[in-house]
Amino acid sequence: MSGFSWKKLFSTISCKPLVNWITSKVAFHPPEPTYTLQETEASQAHDLPPVCKLHLSESANWPYSQQILDEMETFYCTTKHGNSLSCMYIRCVPGSRYTILYSHANACDLGEMCSSYYDLGSKIGCNIFSYDYSGYGASSDKPSEENLYADIEAAWHALRTRINKISKVTCPVLIIHGTEDEIVDFSHGLGLYERCPNTVNPLWVKGGGHNDLDTFKEYIKRLQYFFYKELPTF
(Lines give C-alpha, C1' and ligand atoms only; values in the text may rest on other atoms or scores of the structure.)
Protein backbone atom coordinates (compact mmCIF):
# COMPACT_ATOMS: atom_id res chain seq x y z
CA MET A 1 0.00 0.00 0.00
CA SER A 2 1.60 3.25 -1.15
CA GLY A 3 2.38 5.70 1.62
CA PHE A 4 1.16 3.32 4.36
CA SER A 5 3.06 3.49 7.62
CA TRP A 6 2.30 1.39 10.71
CA LYS A 7 4.22 3.91 12.80
CA LYS A 8 2.02 6.72 11.53
CA LEU A 9 -1.12 4.67 12.16
CA PHE A 10 -0.22 3.84 15.77
CA SER A 11 0.88 7.43 16.36
CA THR A 12 -2.56 8.60 15.20
CA ILE A 13 -4.40 6.09 17.36
CA SER A 14 -2.38 6.97 20.46
CA CYS A 15 -2.59 10.74 20.07
CA LYS A 16 -3.85 12.44 23.26
CA PRO A 17 -7.13 13.95 21.95
CA LEU A 18 -8.25 10.59 20.56
CA VAL A 19 -7.26 8.74 23.74
CA ASN A 20 -9.14 11.28 25.85
CA TRP A 21 -12.22 10.93 23.63
CA ILE A 22 -12.16 7.12 23.91
CA THR A 23 -11.63 7.30 27.68
CA SER A 24 -14.56 9.67 28.10
CA LYS A 25 -16.87 7.44 26.05
CA VAL A 26 -15.90 4.29 27.94
CA ALA A 27 -15.57 5.62 31.49
CA PHE A 28 -18.44 8.07 31.83
CA HIS A 29 -22.15 7.28 31.53
CA PRO A 30 -24.20 10.31 32.61
CA PRO A 31 -27.92 9.51 32.82
CA GLU A 32 -30.76 11.79 31.85
CA PRO A 33 -30.91 14.44 34.61
CA THR A 34 -33.31 13.54 37.43
CA TYR A 35 -33.51 17.01 38.94
CA THR A 36 -33.20 20.74 38.31
CA LEU A 37 -31.81 23.58 40.44
CA GLN A 38 -33.47 26.98 40.57
CA GLU A 39 -31.61 29.88 42.13
CA THR A 40 -33.70 31.49 44.86
CA GLU A 41 -31.74 33.91 47.01
CA ALA A 42 -28.21 35.02 47.73
CA SER A 43 -26.39 33.44 50.62
CA GLN A 44 -26.02 35.56 53.75
CA ALA A 45 -22.27 35.58 53.19
CA HIS A 46 -21.46 37.72 50.13
CA ASP A 47 -18.65 35.40 49.03
CA LEU A 48 -20.79 32.26 48.91
CA PRO A 49 -22.84 31.17 45.85
CA PRO A 50 -26.64 31.61 45.86
CA VAL A 51 -28.82 28.95 47.45
CA CYS A 52 -30.92 26.96 44.97
CA LYS A 53 -34.27 25.20 45.12
CA LEU A 54 -34.09 21.47 44.33
CA HIS A 55 -36.79 19.98 42.09
CA LEU A 56 -36.76 16.20 41.65
CA SER A 57 -38.28 14.31 38.74
CA GLU A 58 -40.39 11.20 39.34
CA SER A 59 -37.47 8.97 38.37
CA ALA A 60 -35.50 10.26 41.38
CA ASN A 61 -37.77 8.18 43.66
CA TRP A 62 -37.68 10.28 46.86
CA PRO A 63 -39.39 8.28 49.70
CA TYR A 64 -39.05 10.86 52.48
CA SER A 65 -40.99 14.03 53.35
CA GLN A 66 -40.96 17.25 51.37
CA GLN A 67 -39.71 19.04 54.48
CA ILE A 68 -36.49 16.99 54.52
CA LEU A 69 -36.04 17.70 50.82
CA ASP A 70 -36.53 21.42 51.34
CA GLU A 71 -33.91 21.47 54.09
CA MET A 72 -31.20 20.21 51.74
CA GLU A 73 -28.72 22.90 50.79
CA THR A 74 -28.09 22.97 47.05
CA PHE A 75 -25.94 25.45 45.15
CA TYR A 76 -23.42 25.75 42.32
CA CYS A 77 -19.67 25.99 42.60
CA THR A 78 -17.20 26.76 39.80
CA THR A 79 -14.19 24.68 38.75
CA LYS A 80 -10.87 26.08 37.57
CA HIS A 81 -12.03 25.26 34.02
CA GLY A 82 -15.07 27.50 34.47
CA ASN A 83 -17.61 24.67 34.74
CA SER A 84 -20.61 25.05 37.06
CA LEU A 85 -21.03 22.07 39.38
CA SER A 86 -24.27 21.36 41.22
CA CYS A 87 -23.60 20.61 44.88
CA MET A 88 -25.74 19.12 47.64
CA TYR A 89 -25.27 19.31 51.41
CA ILE A 90 -27.58 17.11 53.49
CA ARG A 91 -27.78 17.68 57.24
CA CYS A 92 -28.88 14.17 58.09
CA VAL A 93 -27.98 14.61 61.76
CA PRO A 94 -27.97 18.24 62.97
CA GLY A 95 -24.93 18.95 65.10
CA SER A 96 -22.95 15.98 63.77
CA ARG A 97 -19.17 16.31 64.05
CA TYR A 98 -18.57 14.67 60.67
CA THR A 99 -19.39 15.20 57.01
CA ILE A 100 -18.71 12.71 54.22
CA LEU A 101 -17.56 14.10 50.85
CA TYR A 102 -19.26 11.58 48.56
CA SER A 103 -18.29 11.08 44.90
CA HIS A 104 -21.07 9.00 43.38
CA ALA A 105 -20.88 6.29 40.71
CA ASN A 106 -20.56 7.09 37.01
CA ALA A 107 -24.12 6.25 35.90
CA CYS A 108 -26.22 8.33 38.32
CA ASP A 109 -26.69 11.91 39.50
CA LEU A 110 -27.57 13.80 42.67
CA GLY A 111 -31.31 13.36 42.13
CA GLU A 112 -31.00 9.58 42.05
CA MET A 113 -28.58 9.52 44.97
CA CYS A 114 -30.12 11.98 47.45
CA SER A 115 -32.39 9.44 49.15
CA SER A 116 -29.45 7.04 49.55
CA TYR A 117 -27.35 9.87 50.97
CA TYR A 118 -30.00 10.71 53.55
CA ASP A 119 -30.46 7.07 54.46
CA LEU A 120 -26.71 6.47 54.84
CA GLY A 121 -26.07 9.63 56.84
CA SER A 122 -28.98 8.92 59.17
CA LYS A 123 -27.75 5.38 59.86
CA ILE A 124 -24.16 6.31 60.68
CA GLY A 125 -24.87 9.69 62.27
CA CYS A 126 -23.14 12.14 59.94
CA ASN A 127 -23.90 14.66 57.21
CA ILE A 128 -23.30 14.17 53.48
CA PHE A 129 -21.85 16.55 50.90
CA SER A 130 -21.90 15.52 47.25
CA TYR A 131 -21.70 17.01 43.78
CA ASP A 132 -22.35 16.14 40.14
CA TYR A 133 -19.40 15.78 37.79
CA SER A 134 -19.14 18.05 34.75
CA GLY A 135 -21.80 16.92 32.27
CA TYR A 136 -23.88 15.15 34.95
CA GLY A 137 -27.23 16.34 36.31
CA ALA A 138 -27.34 20.13 36.33
CA SER A 139 -23.55 20.54 36.03
CA SER A 140 -22.25 22.18 32.86
CA ASP A 141 -19.85 21.07 30.10
CA LYS A 142 -19.06 17.37 29.55
CA PRO A 143 -17.35 14.60 31.55
CA SER A 144 -13.66 13.94 31.03
CA GLU A 145 -10.69 12.80 33.07
CA GLU A 146 -9.30 16.33 33.12
CA ASN A 147 -12.63 17.78 34.27
CA LEU A 148 -12.97 15.07 36.91
CA TYR A 149 -9.84 16.23 38.73
CA ALA A 150 -11.02 19.84 38.63
CA ASP A 151 -14.49 18.76 39.82
CA ILE A 152 -13.31 17.07 43.03
CA GLU A 153 -10.95 19.98 43.74
CA ALA A 154 -13.82 22.48 43.39
CA ALA A 155 -16.15 20.30 45.49
CA TRP A 156 -13.58 20.02 48.27
CA HIS A 157 -13.06 23.77 48.24
CA ALA A 158 -16.83 24.37 48.33
CA LEU A 159 -17.21 22.03 51.30
CA ARG A 160 -14.39 23.75 53.19
CA THR A 161 -15.90 27.15 52.43
CA ARG A 162 -19.37 26.00 53.61
CA ILE A 163 -17.97 24.08 56.88
CA ASN A 164 -14.98 26.37 57.85
CA LYS A 165 -13.81 24.05 60.64
CA ILE A 166 -13.08 21.14 58.33
CA SER A 167 -9.88 22.73 57.07
CA LYS A 168 -8.46 22.36 60.59
CA VAL A 169 -9.25 18.63 60.85
CA THR A 170 -6.74 15.98 59.81
CA CYS A 171 -8.83 12.92 59.12
CA PRO A 172 -7.77 9.28 58.68
CA VAL A 173 -8.93 7.36 55.62
CA LEU A 174 -11.15 4.27 55.55
CA ILE A 175 -10.96 2.22 52.34
CA ILE A 176 -13.97 0.00 51.54
CA HIS A 177 -14.12 -2.18 48.43
CA GLY A 178 -16.09 -5.19 47.29
CA THR A 179 -14.02 -8.22 46.35
CA GLU A 180 -16.31 -8.95 43.38
CA ASP A 181 -16.56 -5.41 42.04
CA GLU A 182 -17.33 -5.84 38.36
CA ILE A 183 -16.68 -2.19 37.41
CA VAL A 184 -13.64 -1.10 39.44
CA ASP A 185 -11.37 -4.07 40.07
CA PHE A 186 -10.61 -4.98 43.68
CA SER A 187 -6.92 -4.34 42.99
CA HIS A 188 -7.71 -0.60 42.91
CA GLY A 189 -8.88 -0.71 46.51
CA LEU A 190 -5.77 -2.56 47.53
CA GLY A 191 -3.63 -0.05 45.69
CA LEU A 192 -5.26 2.88 47.47
CA TYR A 193 -4.77 1.21 50.83
CA GLU A 194 -1.10 0.54 50.15
CA ARG A 195 -0.39 4.10 49.00
CA CYS A 196 -2.46 6.12 51.46
CA PRO A 197 -0.27 7.32 54.37
CA ASN A 198 -3.03 7.60 56.98
CA THR A 199 -5.44 4.66 56.71
CA VAL A 200 -7.30 2.68 59.33
CA ASN A 201 -8.03 -1.02 58.83
CA PRO A 202 -9.87 -1.36 55.49
CA LEU A 203 -13.08 -3.25 54.88
CA TRP A 204 -12.91 -5.77 52.03
CA VAL A 205 -16.52 -6.81 51.53
CA LYS A 206 -16.40 -10.47 50.52
CA GLY A 207 -18.71 -11.00 47.56
CA GLY A 208 -19.49 -7.30 47.35
CA GLY A 209 -20.00 -5.78 43.90
CA HIS A 210 -19.92 -2.22 42.62
CA ASN A 211 -23.39 -0.99 43.63
CA ASP A 212 -24.52 -3.24 46.47
CA LEU A 213 -22.16 -2.61 49.39
CA ASP A 214 -24.91 -0.92 51.44
CA THR A 215 -26.79 -4.25 51.51
CA PHE A 216 -24.03 -5.89 53.55
CA LYS A 217 -24.34 -5.61 57.35
CA GLU A 218 -20.61 -5.19 57.81
CA TYR A 219 -20.67 -2.06 55.64
CA ILE A 220 -22.82 -0.05 58.05
CA LYS A 221 -21.13 -1.55 61.11
CA ARG A 222 -17.68 -0.65 59.80
CA LEU A 223 -18.72 2.94 59.06
CA GLN A 224 -20.25 3.28 62.53
CA TYR A 225 -17.09 1.97 64.16
CA PHE A 226 -14.96 4.31 62.05
CA PHE A 227 -16.96 7.40 62.97
CA TYR A 228 -17.55 6.68 66.65
CA LYS A 229 -14.55 4.59 67.74
CA GLU A 230 -11.62 5.38 65.44
CA LEU A 231 -12.07 9.04 64.51
CA PRO A 232 -12.42 10.30 68.11
CA THR A 233 -8.95 8.91 68.91
CA PHE A 234 -7.23 11.19 66.37
Side-chain angles (χ1 to χ4, degrees), residues 23 26-29 85 87-93 95-110 112-133 136 143 145 147-160 162-163 165-234:
T23 300
V26 172
F28 302 105
H29 304 281
L85 299 188
C87 300
M88 175 181 289
Y89 181 60
I90 307 176
R91 292 181 175 84
C92 308
V93 182
S96 173
R97 294 177 57 195
Y98 306 114
T99 297
I100 293 178
L101 173 55
Y102 199 119
S103 298
H104 62 65
N106 69 348
C108 57
D109 66 7
L110 290 179
E112 290 180 276
M113 291 298 298
C114 60
S115 59
S116 297
Y117 290 154
Y118 182 76
D119 183 59
L120 175 63
S122 300
K123 286 179 179 177
I124 62 177
C126 69
N127 300 321
I128 306 288
F129 179 88
S130 189
Y131 62 100
D132 264 337
Y133 314 114
Y136 282 68
E145 182 179 359
N147 275 338
L148 190 64
Y149 300 139
D151 295 345
I152 185 63
E153 182 180 358
W156 170 241
H157 176 73
L159 175 57
R160 291 180 60 187
R162 258 0 207 222
I163 309 168
K165 291 183 179 179
I166 198 167
S167 62
K168 303 176 183 178
V169 178
T170 302
C171 190
V173 176
L174 168 63
I175 306 293
I176 301 177
H177 207 128
T179 61
E180 302 300 324
D181 192 325
E182 69 283 8
I183 304 297
V184 179
D185 191 78
F186 178 56
S187 61
H188 289 253
L190 289 171
L192 287 174
Y193 176 65
E194 292 170 355
R195 291 169 176 78
C196 188
N198 193 25
T199 58
V200 296
N201 289 332
L203 172 63
W204 310 132
V205 182
K206 187 175 182 180
H210 189 68
N211 296 310
D212 62 353
L213 295 186
D214 58 344
T215 65
F216 290 80
K217 292 181 180 179
E218 57 266 39
Y219 174 74
I220 296 298
K221 289 182 178 179
R222 184 65 185 91
L223 285 173
Q224 290 174 332
Y225 187 82
F226 176 65
F227 280 104
Y228 294 103
K229 296 295 183 180
E230 292 174 324
L231 281 182
T233 64
F234 287 85

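- Judged purely by atom type and a 3.5 angstrom limit, Tyr136 uses its side chain to pair as donor or acceptor with the backbone of His29.
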Is there a side chain to side chain contact (heavy atoms under 4.5 Å, CB included) between Leu120 and Leu223 once you walk through the steps? CA-CA 10 Å; Leu120 175 63; Leu223 285 173; 3.8 Å; yes

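- Atom CG of Asn201 is separated from atom CD1 of Ile175 by 12.0 Å, given to the nearest 0.5 angstrom.
- Between the side chain of Glu182 and the main chain of His210, a donor-acceptor pair closer than 3.5 Å is present.
- Within the 3.5 Å criterion, the main-chain N or O of Met88 finds no donor-acceptor partner in the side chain of Ser130.
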If you apply the rule side chain to side chain contact (heavy atoms under 4.5 Å, CB included), what do you find for Leu203 with Leu213, and how did you get there? CA-CA 11 Å; Leu203 172 63; Leu213 295 186; over 6 Å; no

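- With Asn127 contributing its side chain and Val93 its backbone, the two residues share a donor-acceptor pair below 3.5 Å.
- To the nearest 0.5 Å, atoms OG (Ser187) and CG (Leu192) are separated by 9.5 Å.
- In this pair, His177 and Phe186 present their aromatic rings perpendicular. The plane angle is above 60°, beyond the 30 to 60° band.
- Ring planes of Tyr193 and Trp204: perpendicular class, angle over 60° (limits at 30 and 60°).
- Take Ile152 and apply the side-chain contact (heavy atoms from CB on, under 4.5 Å) test, not counting sequence neighbours, and it matches Leu101, Ser103, Tyr131.
- Thr179 and Gly207 make their closest contact through OG1-N, 2.8 Å (heavy atoms, listed as atom of the first residue, atom of the second, distance).
- For the pair Ser96 and Gly125, the tightest heavy-atom approach, listed with the atom from each and the gap, is OG-O, 3.0 Å.
- With rounding to the nearest 0.5 angstrom, the SG atom of Cys92 is 8.5 Å from the CD1 atom of Ile100.
- The only member of Phe129, Tyr117, Trp156, Tyr89 that meets ring-ring contact (aromatic ring centres under 6.0 Å, His included) when paired with Tyr102 is Tyr117.
- Nearest approach of Leu85 to Ala154, heavy atoms of both residues: CD1-CB, 4.3 Å.
- Glu218 and Val205 make their closest contact through OE2-CG1, 3.9 Å (heavy atoms, listed as atom of the first residue, atom of the second, distance).
- Not a single donor-acceptor pair under 3.5 Å links the side chain of Asp151 to the backbone N or O of Tyr133.
- The structure places CG of Leu110 at 8.0 Å from SG of Cys87, a figure rounded to the nearest 0.5 Å.
- Listed for the Asn147 side chain is no donor-acceptor partner under 3.5 Å among the backbone atoms of Ala150.
- In this pair, Phe227 and Tyr98 present their aromatic rings tilted. The plane angle is within the 30 to 60° band.
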Could you please spell out the steps behind the side chain to side chain contact (heavy atoms under 4.5 Å, CB included) verdict for Arg222 and Val200? CA-CA 11 Å; Arg222 184 65 185 91; Val200 296; 3.5 Å; yes

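- Atom CE of residue Met113 and atom CD1 of residue Ile90 lie 9.0 Å apart, to the nearest 0.5 angstrom.
- Not one N or O on the side chain of Thr199 forms a donor-acceptor pair closer than 3.5 Å with the backbone of Leu174.
- Nearest heavy atom pair, residue Ala105 against residue Asn211, reads CB-OD1, 4.2 Å.
- Ring-centre distance between Phe216 and Tyr219: not below the 6.0 Å cut-off.
- A distance of 6.0 Å separates OG1 in Thr99 from CG in Leu159, rounded to the nearest 0.5 Å.
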